[in-house]
Amino acid sequence: MSGTTSQLQVDGKTVDMAIKTGSIGPSVIDIGKLYAQTGMFTYDPGFTSTASCESQITYIDGDEGVLLYRGYPIEQLAEHGDFLETCYLLLEGELPTASQKADFDYRVTRHTMVHEQMARFFQGFRRDAHPMAVMVGSIGAMSAFYHDSTDISDPHQRMVASMRMIAKMPTLAAMAYKYTVGQPFVYPLNSLDYTSNFLRMCFAVPAEEYKVNPVLSRALDRIFILHADHEQNASTSTVRLAGSSGANPFACIAAGAACLWGPAHGGANEAALKMLEEIGSVENIPKYIAKAKDKNDPFRLMGFGHRVYKNYDPRAKIMQKTTHEVLNELGIKDDPLLDVAIELERIALSDSYFIEKKLYPNIDFYSGITLKAMGFPTSMFTALFALARTVGWIAQWKEMIEDPSQRIGRPRQLYTGAPLREYNPIGRR
Ligand code: SDX
């Protein structure tokens, strides 16, 4: 393999393939002409060695545990910025100036209300529906409510759709929560910042004054920053694939949310908390560690392991710190779930199975404890992930749509089914 090309020998034929280099991270071998030249496809289920696109948004170094949004380390953004600043950065590529930030905040704030008919749309769901079922349905339904921002060839409509989704996602998530607990929906209050407004829409009731706790609001805002984007993860790849056919952005983001819901992905925050509750106490940990290591047992440590991170997920470190801040603020001295989590992490990180497989806590390991302490039910955790990831999905969708070389995504396959055979009429089978 040379600096700019690599060679592959297939059936005695030598095929040259260009090597493309990014700004940082592994280079890629461009196999785009491989089929035309050899009649063969590449095979990589799970995409462990396949880059599906070029992107300038997020960079991960999984071995070093590094995460950058547009070049900025996640630690710096989480410590110094706010979520809407991160949204601007992901969408526009640069941190905003003070006036750009004020204008962006204003524009997002002016889209926080949802069409009043949506409240009636919600009435169609059962009260015991999972909030993610309600989210997937209501995000998709936005394309029925906002026809005037579904033309993807119009940059203005793309921008309006983006603003609408970032602004309305907290409103929809809060409505999904209120609906399950049987309380009236709370309208957004635009004098509040993005995250304080969301907390109020979730926890205020008409019968009482509600004062937002600034420590909790800041902590949740940081949690949103941590979840905002993560390059070509499963849900983002789903958004890109859905968008590659020209589907409208609301439909694409609904597809992403549906993918996120799975327990191997964003559903892991809910699964991790349920697991900690099931383990219950520190004495039970060895039993569950043994189950996680047993190939014949489907149990896995939820919130552990990652396709890309073979080191500590940098978000998990910030999340752990945030957990302590939130518990301190709420005066929770002894949280048995936190005790179990800390001990589980300690034991897992000193166990040869987890060391050899490089399994570390990921972002979902500590987030559930924090969100639970804030008052969110377990079933809402993935909806909060979806709320925060919306901006990442949109930034990635926008990047793809604005790329002139964009084509429909269409993977091929290794066919292993029946070869050609004759149809047999039903009476002769
Ligand atoms: C997210 O991709 C992203 O960027 C996602 C995300 C984002 O921000 O978008 O970071 C968000 O989805 C975080 C991940 C949340 N999921 C979980 O916490 C669920 C538990 N973890 C896993 O199921 C698993 O680790 C995955 C799904 C996260 C990664 O799966 P991979 O890369 O396909 O790895 P694998 O399942 O093939 O595991 C490799 C080995 C296997 O053992 P062997 O067959 O090689 O012997 O490690 C073992 C696995 O059995 N293993 C675990 C384990 N995770 C992997 N064993 C015990 N407990 C675990 N959690």
Side-chain angles (χ1 to χ4, degrees), residues 52-53 55 57 87 90-91 108 111-125 129-176 179 227-262 265-267 382-404 406-411:
S52 62
C53 62
S55 181
I57 303 173
C87 291
L90 290 170
L91 290 169
V108 170
H111 282 294
T112 50
M113 287 175 70
V114 294
H115 195 293
E116 195 58 19
Q117 186 71 20
M118 272 206 118
R120 254 166 286 166
F121 175 81
F122 266 68
Q123 309 297 325
F125 290 108
H130 192 284
M132 274 306 281
V134 176
M135 288 297 281
V136 171
S138 57
I139 298 168
M142 276 204 275
S143 48
F145 284 95
Y146 303 104
H147 296 287
D148 59 345
S149 55
T150 53
D151 178 358
I152 62 157
S153 65
D154 177 349
H156 177 72
Q157 291 200 27
R158 291 203 297 269
M159 187 274 290
V160 174
S162 306
M163 287 295 161
R164 281 182 166 152
M165 279 188 276
I166 293 166
K168 293 182 201 307
M169 215 54 86
T171 314
L172 292 181
M175 287 170 79
Y179 191 69
H227 286 86
D229 194 46
H230 215 231
E231 54 119 303
Q232 309 312 319
N233 59 82
S235 56
T236 301
S237 299
T238 301
V239 169
R240 279 187 179 258
L241 195 55
S244 77
S245 73
N248 79 68
F250 303 106
C252 298
I253 303 306
C259 175
L260 185 77
W261 192 3
H265 191 12
T382 311
L384 296 183
F385 193 156
L387 183 172
R389 182 53 60 85
T390 295
V391 66
W393 290 330
I394 292 169
Q396 302 267 352
W397 170 81
K398 199 168 149 284
E399 182 178 63
M400 179 189 69
I401 295 293
E402 291 171 4
D403 175 357
Q406 185 265 324
R407 301 163 78 189
I408 189 166
R410 177 59 171 88

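This chain uses plain numbering: 1 for the first residue, then up along the sequence.
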Could you tell me the separation between the [atom1] atom of [X] and the [atom2] atom of [Y], rounded to the nearest 0.5 Å?
| X | Y | atom1 | atom2 | value |
| --- | --- | --- | --- | --- |
| Leu90 | Ile394 | CG | CD1 | 10.5 Å |
| Asn233 | Cys259 | CG | SG | 7.5 Å |
| His265 | Ser235 | NE2 | OG | 3.0 Å |
| Gln157 | Ser153 | CD | OG | 7.5 Å |
| Phe250 | Ile139 | CZ | CD1 | 11.0 Å |
| Ser138 | Met169 | OG | CE | 8.0 Å |

Do you know the tightest heavy-atom contact between [X] and [Y]?
| X | Y | result |
| --- | --- | --- |
| Ser244 | Gly409 | OG-N, 2.9 Å |
| Thr382 | Trp261 | CG2-CA, 4.0 Å |
| Phe121 | Ala141 | CZ-CB, 3.5 Å |
| Val136 | Ala254 | O-CB, 3.8 Å |
| His111 | Met163 | CD2-CB, 3.7 Å |
| Pro249 | Met165 | CB-CE, 3.7 Å |

Would you confirm whether [X], through its side chain, and [Y], through its main-chain N or O, come within 3.5 Å as a donor-acceptor pair?
| X | Y | answer |
| --- | --- | --- |
| Thr112 | Val108 | no |
| Glu231 | Ile57 | no |
| Tyr179 | Phe125 | yes |
| Gln123 | Ala119 | yes |

Quiz item: Between Trp393 and Arg240, is a side-chain contact (heavy atoms from CB on, under 4.5 Å) present by the stated rule, with each step listed?
Solution: CA-CA 8 Å; Trp393 290 330; Arg240 279 187 179 258; over 6 Å; no
Exercise. May I have the step-by-step check of salt bridge (Lys or Arg N to Asp or Glu O under 4.0 Å) for Lys398 and Asp403, ending in yes or no?
Key: CA-CA 9 Å; Lys398 199 168 149 284; Asp403 175 357; over 6 Å; no
Quiz prompt | Of Asn248, Ile253, Leu172, the residue whose pairing with Met142 passes side chain to side chain contact (heavy atoms under 4.5 Å, CB included) | solution = Leu172
Exercise. Evaluate the side-chain contact (heavy atoms from CB on, under 4.5 Å) criterion for residues Glu402 and Arg158: first the C-alpha distance (whole Å), next the side-chain angles of each, then the deciding distance (0.1 Å), finally the verdict.
Key: CA-CA 10 Å; Glu402 291 171 4; Arg158 291 203 297 269; 3.4 Å; yes
Self-check item: Phe145 and His115 aromatic ring geometry - parallel, tilted or perpendicular at 30°/60° bounds
Solution: tilted
Exercise. I would like to know whether Asp229 and Gln396 meet side chain to side chain donor-acceptor pair (under 3.5 Å); could you show each step before the answer?
Key: CA-CA 9 Å; Asp229 194 46; Gln396 302 267 352; 2.9 Å; yes
Quiz item: With side chains defined as the heavy atoms from C-beta onward, is the minimum distance between Leu260 and Thr238 less than 4.5 Å?
Solution: no
Quiz item: Below 4.5 Å, heavy atoms only, C-beta onward: do Tyr146 and Asp148 meet side chain to side chain?
Solution: yes
Quiz item: Between Thr236 and His230, do the side chains contain an N or O donor and an N or O acceptor separated by less than 3.5 Å?
Solution: no
Self-check item: Derivation of the side-chain contact (heavy atoms from CB on, under 4.5 Å) call for Met175 and Thr171
Solution: CA-CA 6 Å; Met175 287 170 79; Thr171 314; 4.2 Å; yes
